[in-house]
K.L.:
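Just passing along the structure, written as structure tokens.
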Amino acid sequence: MNKRDDFEYTLKDIFSLVLQLRENGTLEHGRDFKALLSCENPELHSFLYANARAVTEDRFGKKVYLRGLIEFSNFCKNDCFYCGLRAGNKKLERFRLTETEILDSCESGYAIGARTFVLQSGEDGFYTDDIICGIVSSIKKKYPDCAVTLSLGEKSKQSYLRFFEAGADRYLLRQESSYPEYYMRLHPAAMSCEKRLQCLWDLKEIGYQVGTGFMVDSPYQTVQDIITELDFMKQFEPQMVGLGPFISHCDTPFSTFPDGSADLTLRVISAVRLMLPDALIPATTALGSISEDCRTSAFASGANVVMVNVSPVFSREKYAIYDNKADTSFEELRRNIASLGLELEISRGDHKNFTQLNSARK
Ligand code: SAH
């Protein structure tokens, strides 16, 4: 293929790009991705989603992996422009869960079938490494058949190593952006893209199953920025990829920006599925917050994980990353998943390359 920069793609060309991406896990040119992601033809969208779903079923059958999500602190020292938990948001009522409350949340999660607990928080210095290690080892002791996923933000490699030694299996840290110029449009000068990426490489080197990801259609983001993130993830090869539309929060510097497009998010999910066929990709709460149908559509577009909030009810509305965050019941999620002919899987749901490694570690 020798395409000039001004090459005009026909719809037929773009359909064949979907097949190429499925076949090769990548496309030859950045402009191919641009053509694919920018195409507004509904039939092309359906074709992309169907191919992504087919690859998902090749690898995972009809299973959707269940995770119990515990949002245990909304204190944060950072000031990310998009996030409602930012330190500068003085209107937010802050909370912290105790170890007992976290273990009780695990119990609720276990009861509905979750065999992975995801512990997420703002960057809260109250929880020292000793406290986190204590919580992780208590959970692993009480639930030896379960995986623990941490999502606590940026820490030193030493801290990540200690959490891993205490039994943590996985770590979610979206890169947000791997391109410094765009990263700085989302974050204050005190934060850095290099540091974020270093954290990801550290986590990988330690042996975690690592989750990356980014917000789709966030302020100032171009299609080229999305392609940059796809390139980064192709290179990094994360085991998990979290993708949700940007949703504005009224008490942040980005309050006046419109919510991101759910359709574009679904297309990005499908593209990531075709690039990383074995990845664990959640149908995110951000999609569910646009509408529950959008979250359900994510499963038909290549997502294969659902996170159910098992945090105590009193704290849920305080974990307000963005406005109108969905708090959908387990029963409703299960019904929606069943409506697609898919079924919830009761197991840890590790990434394929890690099943043996994990059993070797224990
Ligand atoms: N402190 C942890 C957890 C952050 S919250 C960390 O740094 O990883 C989890 C994710 O929510 C973030 O990574 C971000 O991508 C997403 N998020 C934050 N604000 C958002 C918004 N306004 N709209 C959509 N997603 C948002």
Side-chain angles (χ1 to χ4, degrees), residues 63-73 96-173 199-200 202-212 238-240 242 279-280 282 304-312 315 319 330 344-362:
K63 290 175 187 166
V64 172
Y65 295 95
L66 174 64
R67 317 300 194 202
L69 174 64
I70 304 162
E71 298 163 334
F72 68 91
S73 163
R96 289 186 177 110
L97 299 189
T98 62
E99 178 169 333
T100 310
E101 286 167 329
I102 294 172
L103 283 165
D104 288 349
S105 307
C106 292
E107 196 172 318
S108 321
Y110 198 91
I112 59 168
R115 296 295 176 267
T116 292
F117 305 119
V118 180
L119 271 59
Q120 194 181 77
S121 67
E123 292 204 8
D124 183 359
F126 171 87
Y127 297 88
T128 59
D129 291 357
D130 282 344
I131 297 179
I132 296 294
C133 289
I135 294 170
V136 170
S137 52
S138 304
I139 297 174
K140 296 294 282 198
K141 199 166 151 206
K142 191 162 168 208
Y143 302 100
D145 54 333
C146 293
V148 171
T149 303
L150 297 178
S151 179
L152 324 174
E154 297 172 15
K155 301 272 176 183
S156 68
K157 189 172 182 186
Q158 184 56 32
S159 302
Y160 288 147
L161 185 62
R162 287 197 57 199
F163 305 155
F164 190 73
E165 285 168 352
D169 301 275
R170 311 183 191 137
Y171 205 102
L172 302 178
L173 185 78
C199 286
L200 285 170
D202 288 347
L203 289 161
K204 184 168 209 174
E205 201 180 306
I206 290 169
Y208 282 95
Q209 299 173 56
V210 182
T212 61
Q239 284 73 37
M240 303 165 283
L280 291 151
N304 63 339
V305 171
V306 68
M307 295 200 191
V308 175
N309 196 331
V310 296
S311 318
S315 66
Y319 200 82
F330 171 62
L344 281 174
E345 163 74 7
I346 310 255
S347 75
R348 287 171 42 124
D350 288 287
H351 189 272
K352 287 192 167 62
N353 298 347
F354 276 79
T355 318
Q356 281 185 334
L357 204 147
N358 261 303
S359 50
R361 197 177 73 171
K362 304 250 144 73

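As a basis for the values below, the full set of heavy atoms in this structure was taken, side chains included, without hydrogen atoms, waters or symmetry mates.
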K.L.:
For Glu345, which residues count as a salt bridge (charged side-chain N to carboxylate O under 4.0 Å, His left out) partner, sequence neighbours excluded?
P.N.:
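So Glu345 forms no salt bridge (charged side-chain N to carboxylate O under 4.0 Å, His left out) with any residue.
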K.L.:
Could Asp169 and Lys140 be called an ion pair, given the rule that one side-chain N must be under 4.0 Å from one carboxylate O?
P.N.:
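A salt bridge is present here (some side-chain N lies under 4.0 Å from a carboxylate O).
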K.L.:
Kindly write out the residues that satisfy ring-ring contact (aromatic ring centres under 6.0 Å, His included) with Phe330, not counting sequence neighbours, or none if the list is empty.
P.N.:
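Partners of Phe330 under the ring-ring contact (aromatic ring centres under 6.0 Å, His included) test: none.
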K.L.:
Report the distance from atom CE of Met240 to atom OH of Tyr65, rounding to the nearest 0.5 Å.
P.N.:
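Met240 atom CE to Tyr65 atom OH measures 13.5 Å (nearest 0.5 Å).
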K.L.:
With Tyr171, which residues qualify under ring-ring contact (aromatic ring centres under 6.0 Å, His included), at least two apart?
P.N.:
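ring-ring contact (aromatic ring centres under 6.0 Å, His included) check on Tyr171 returns Tyr160, Tyr208.
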K.L.:
Between Phe163 and Lys155, is any pair of side-chain heavy atoms under 4.5 Å apart?
P.N.:
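Yes, close enough: below the 4.5 Å cut-off.
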K.L.:
Supply the atom-to-atom distance Glu205 CD to Leu200 CG, rounded to the nearest 0.5 angstrom.
P.N.:
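With rounding to 0.5 Å, CD (Glu205) is 13.0 Å from CG (Leu200).
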K.L.:
Does the side chain of Tyr127 reach to within under 4.5 Å of the side chain of Ser73, using non-hydrogen atoms?
P.N.:
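A side-chain contact under 4.5 Å exists here.
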K.L.:
Tell me the closest heavy-atom pair linking Ile112 and Leu66, and the distance in Å.
P.N.:
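So the two residues come closest at O-CD2, 3.6 Å.
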K.L.:
Is any side-chain heavy atom of Pro312 closer than 4.5 Å to one of Asp104?
P.N.:
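SC-SC contact between Asp104 and Pro312 ruled out.
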K.L.:
Which atoms form the tightest heavy-atom contact between Ser159 and Asp129, and what is the distance?
P.N.:
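Scanning both residues, the minimum pair turns out to be OG-OD2, 2.7 Å.
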K.L.:
Decide yes or no for Arg67 and Pro282: does some side-chain heavy atom of the first lie under 4.5 Å from some side-chain heavy atom of the second?
P.N.:
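Sidechains of Pro282 and Arg67: no contact.
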K.L.:
List the atom of Cys199, the atom of Leu173, and the distance in Å for their closest heavy-atom pair.
P.N.:
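The pair with the smallest heavy-atom distance is CB-CD2, 3.6 Å.
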K.L.:
Where the side chain of Arg170 meets the backbone of Val148, is there a donor-acceptor pair that is under 3.5 Å apart?
P.N.:
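No, because the side chain of Arg170 does not come within donor-acceptor range (under 3.5 Å) of the backbone of Val148.
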K.L.:
Indicate yes or no for a side-chain donor-acceptor contact from Gln209 to the backbone of His351 under 3.5 Å, with no hydrogens or angles considered.
P.N.:
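Looks like yes, one N/O pair under 3.5 Å.
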K.L.:
Can the positive tip of Arg115 be found less than 6.0 Å from the middle of the six-membered ring of Tyr110, inside 45° of the ring normal?
P.N.:
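Positive - Arg115 is close enough to the ring of Tyr110 and near enough to its axis.
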K.L.:
To the nearest 0.5 Å, what is the distance between CD1 (Ile346) and NZ (Lys63)?
P.N.:
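Going from CD1 on Ile346 over to NZ on Lys63, the span is 12.0 Å.
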K.L.:
Can you tell me how far apart CG (Leu103) and OG1 (Thr100) are? Round to the nearest 0.5 Å.
P.N.:
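The distance works out to 6.5 Å.
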K.L.:
Taking all atoms of both residues into account, what is the closest heavy-atom pair of Leu280 and Gly349, and its distance?
P.N.:
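Closest heavy-atom pair between Leu280 and Gly349: CD1-O, 3.6 Å.
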K.L.:
Return the CD to CZ distance between Gln239 and Phe354, rounded to the nearest 0.5 Å.
P.N.:
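If we round to the nearest 0.5 Å, Gln239:CD and Phe354:CZ are 4.0 Å apart.
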K.L.:
Quick one, Phe72 with Glu99, criterion side chain to side chain contact (heavy atoms under 4.5 Å, CB included). Give me CA distance, side-chain angles, the key distance, then yes/no.
P.N.:
CA-CA 9 Å; Phe72 68 91; Glu99 178 169 333; over 6 Å; no
K.L.:
Does some side-chain heavy atom of Ile139 sit less than 4.5 Å from a side-chain heavy atom of Cys146?
P.N.:
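Side chain of Cys146 against side chain of Ile139, heavy atoms only: no contact under 4.5 Å found.
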K.L.:
Would the distance check show the side chain of Thr116 and the main-chain N or O of Arg348 forming a donor-acceptor pair, the cut-off being under 3.5 Å?
P.N.:
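Yes, Thr116 side chain to Arg348 backbone: donor-acceptor pair under 3.5 Å.
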K.L.:
With a 3.5 Å distance limit and no angle check, can you tell me whether Ser311 reaches the backbone of Glu71 through a side-chain donor-acceptor pair?
P.N.:
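Indeed, once roles are kept as given, a pair shorter than 3.5 Å links the two residues.
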K.L.:
Do Val136 and Phe164 come close enough that some side-chain heavy atom pair is under 4.5 Å?
P.N.:
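Contact flag for Val136/Phe164 side chains = no.
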K.L.:
Could you check if a side-chain atom of Gln120 sits within less than 4.5 angstrom of a side-chain atom of Leu69, using non-hydrogen atoms only?
P.N.:
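Yes, side chains in contact.
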K.L.:
Can any side-chain N or O of Ser151 pair as donor or acceptor with the backbone N or O of Leu172 at less than 3.5 Å?
P.N.:
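Answer holds: yes.
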K.L.:
Which atom names give the shortest non-hydrogen contact between Val310 and Ser105, and what distance separates them?
P.N.:
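Residues Val310 and Ser105, closest heavy atoms: O-CB, 3.3 Å.
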K.L.:
Which heavy atom of Ile70 sits nearest a heavy atom of Cys106, and at what distance?
P.N.:
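That would be CD1-SG, 3.7 Å.
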K.L.:
For residues Asp130 and Thr128, is any side-chain donor paired with an opposing acceptor at under 3.5 Å?
P.N.:
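Not at all, the side chains of Asp130 and Thr128 share no donor-acceptor pair under 3.5 Å.
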K.L.:
How long is the straight-line distance from CD1 of Ile206 back to CD of Gln158, given to the nearest 0.5 Å?
P.N.:
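The CD1 atom of Ile206 is 8.5 Å from CD of Gln158, to the nearest 0.5 Å.
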